[in-house]
Amino acid sequence: MKRTQRGMTLIGFIIVLAVVGVFVYMGMKLIPMYSEYYSVKQALGAMEEEPGMADRSPAQIRDLFFRRLYVSYAENIKREHLDIKRRDAGFVMTVEYEVRKPLIGNLDVVGRFHAVGNIRRGGID
């Protein structure tokens with residue numbers, strides 16, 4: 001009796017390896033974008049909890065926010081991406097930005113991010 005072999009051929013293995021390689025490459029482009037967004041969320045959260053933050057001017061709040069991002073190596077957030085508005089007994093900070101990274105050839109990966117932080121007198125309610 002003839003026994004049939006089972007398994008993956010070399011061509012099949014190369015195709016699977018190529019598909020996995022593309023996904024790993026995409027992950028290498030996406031992970032830094034989301035890591036930067038996580039840094040923005042952390043900075044907003046820390047500023048929400050810091051006592052006396054609502055007593056500062058918007059310029060001081062903006063400066064402190066970008067100092068926190070500088071420590072995290074967040075390079076894609078610019079001053080025009082941060083909007084600070086006075087609300088009730090504090091401020092609402094809105095960070096809205098877009099990151100575009102080249103992927104393959106003329107294809108780009110675009111990430112659009114939006115984060116909001118509320119600074120109130122007396123910290124978080």
Side-chain angles (χ1 to χ4, degrees):
M1 279 204 255
K2 185 177 180 183
R3 298 179 70 168
T4 59
Q5 291 185 355
R6 297 182 184 192
M8 188 181 293
T9 64
L10 180 62
I11 298 296
F13 179 71
I14 290 173
I15 291 171
V16 168
L17 194 61
V19 170
V20 169
V22 167
F23 282 110
V24 167
Y25 182 71
M26 285 175 54
M28 289 171 51
K29 296 290 183 172
L30 291 174
I31 289 173
M33 291 170 36
Y34 281 97
S35 175
E36 186 174 65
Y37 176 66
Y38 181 70
S39 296
V40 169
K41 296 287 281 185
Q42 270 189 323
L44 287 174
M47 292 181 78
E48 286 176 351
E49 295 175 3
E50 189 172 322
M53 186 62 72
D55 298 328
R56 298 176 188 232
S57 71
Q60 290 173 327
I61 293 172
R62 183 181 304 271
D63 186 50
L64 288 171
F65 176 73
F66 281 103
R67 284 184 186 188
R68 290 175 191 262
L69 289 184
Y70 180 75
V71 171
S72 302
Y73 299 107
E75 301 170 344
N76 292 309
I77 296 93
K78 307 294 182 222
R79 294 209 177 262
E80 59 267 11
H81 298 146
L82 175 64
D83 185 33
I84 302 174
K85 292 185 180 175
R86 184 172 294 277
R87 293 278 162 89
D88 302 329
F91 296 97
V92 174
M93 297 176 59
T94 305
V95 181
E96 196 165 347
Y97 66 101
E98 185 177 285
V99 180
R100 181 179 298 266
K101 300 271 183 164
L103 186 62
I104 300 170
N106 61 351
L107 296 176
D108 290 344
V109 173
V110 178
R112 194 173 293 190
F113 300 99
H114 178 82
V116 177
N118 294 311
I119 298 175
R120 297 187 183 106
R121 296 199 193 283
I124 294 179
D125 293 336

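Between Ala54 and Ile119, the closest heavy-atom pair is N-CG2, 3.6 Å. Contact record, Ala115 with Lys41: CB-CD, 3.7 Å, taken as the closest heavy-atom pair. In terms of heavy-atom proximity, Arg86 sits nearest to Phe91 at NH2-CZ, 3.2 Å. Lys101 and Met33 get closest at one heavy-atom pair: CG-SD, 3.9 Å. Minimum heavy-atom separation, Ala74 to Ile77: CB-CD1, 4.0 Å. Residues Gly117 and Glu48 share a closest heavy-atom pair of CA-OE2, 3.0 Å.
From Ile14, atom CD1 reaches atom CG of Leu10 across 4.0 Å, with rounding to the nearest 0.5 Å. To the nearest 0.5 Å, the span separating CG on Leu82 from OH on Tyr97 amounts to 12.0 Å. We find the CG-CG distance between Leu69 and Asn76 to be 11.0 Å, quoted to the nearest 0.5 Å. In this structure, CD in Gln42 is found 12.5 Å from OH in Tyr37, a value given to the nearest 0.5 Å. Going from atom CZ of Arg68 over to atom CE of Met47 covers 6.0 Å, rounded to the nearest 0.5 Å.
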Self-check item: Arg56/Glu50 under side chain to side chain contact (heavy atoms under 4.5 Å, CB included): CA gap, chis, key distance, verdict
Solution: CA-CA 11 Å; Arg56 298 176 188 232; Glu50 189 172 322; 3.8 Å; yes
Practice problem: List the steps and the verdict of side chain to side chain contact (heavy atoms under 4.5 Å, CB included) for Glu96 and Asp83. | Solution: CA-CA 8 Å; Glu96 196 165 347; Asp83 185 33; over 6 Å; no
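Counting non-hydrogen atoms of other residues, nucleotides and ligands closer than 6.0 Å to CD1 of Ile31 gives a total of 12 or fewer. Asp55 CG: more than 12 foreign heavy atoms inside a 6.0 Å radius. Other residues, nucleotides and ligands contribute only 12 or fewer heavy atoms inside 6.0 Å of the OH atom of Tyr38.
Clustering ILVMFWY residues whenever any of their side-chain heavy atoms sit less than 4.5 angstrom apart, transitively, puts Phe65 in a cluster other than the one holding Val71. Val99 and Met26 fall within the same hydrophobic cluster, defined by Ile, Leu, Val, Met, Phe, Trp and Tyr side-chain heavy atoms under 4.5 Å apart, directly or through other members.
Distance alone, capped at 3.5 Å, places no donor-acceptor pair between the Glu98 side chain and the Val110 backbone.
Residues His114 and Thr94 form a side-chain contact, since some pair of their non-hydrogen atoms from C-beta on lies under 4.5 Å apart. Between Val40 and Phe113, every side-chain heavy-atom pair lies at or beyond the 4.5 Å cut-off. The side-chain heavy atoms of Arg79 and Asp63, taken from C-beta on, include a pair separated by under 4.5 Å. Residues Arg62 and Ile84 form a side-chain contact, since some pair of their non-hydrogen atoms from C-beta on lies under 4.5 Å apart.
Connectivity analysis of hydrophobic side chains (ILVMFWY, heavy atoms under 4.5 Å, direct or indirect) links Val92 to Val116.
Tested against Leu103 for a side chain to side chain contact (heavy atoms under 4.5 Å, CB included), the candidates Val109, Asp108, Leu30, Val22 yield a single pass: Val109.
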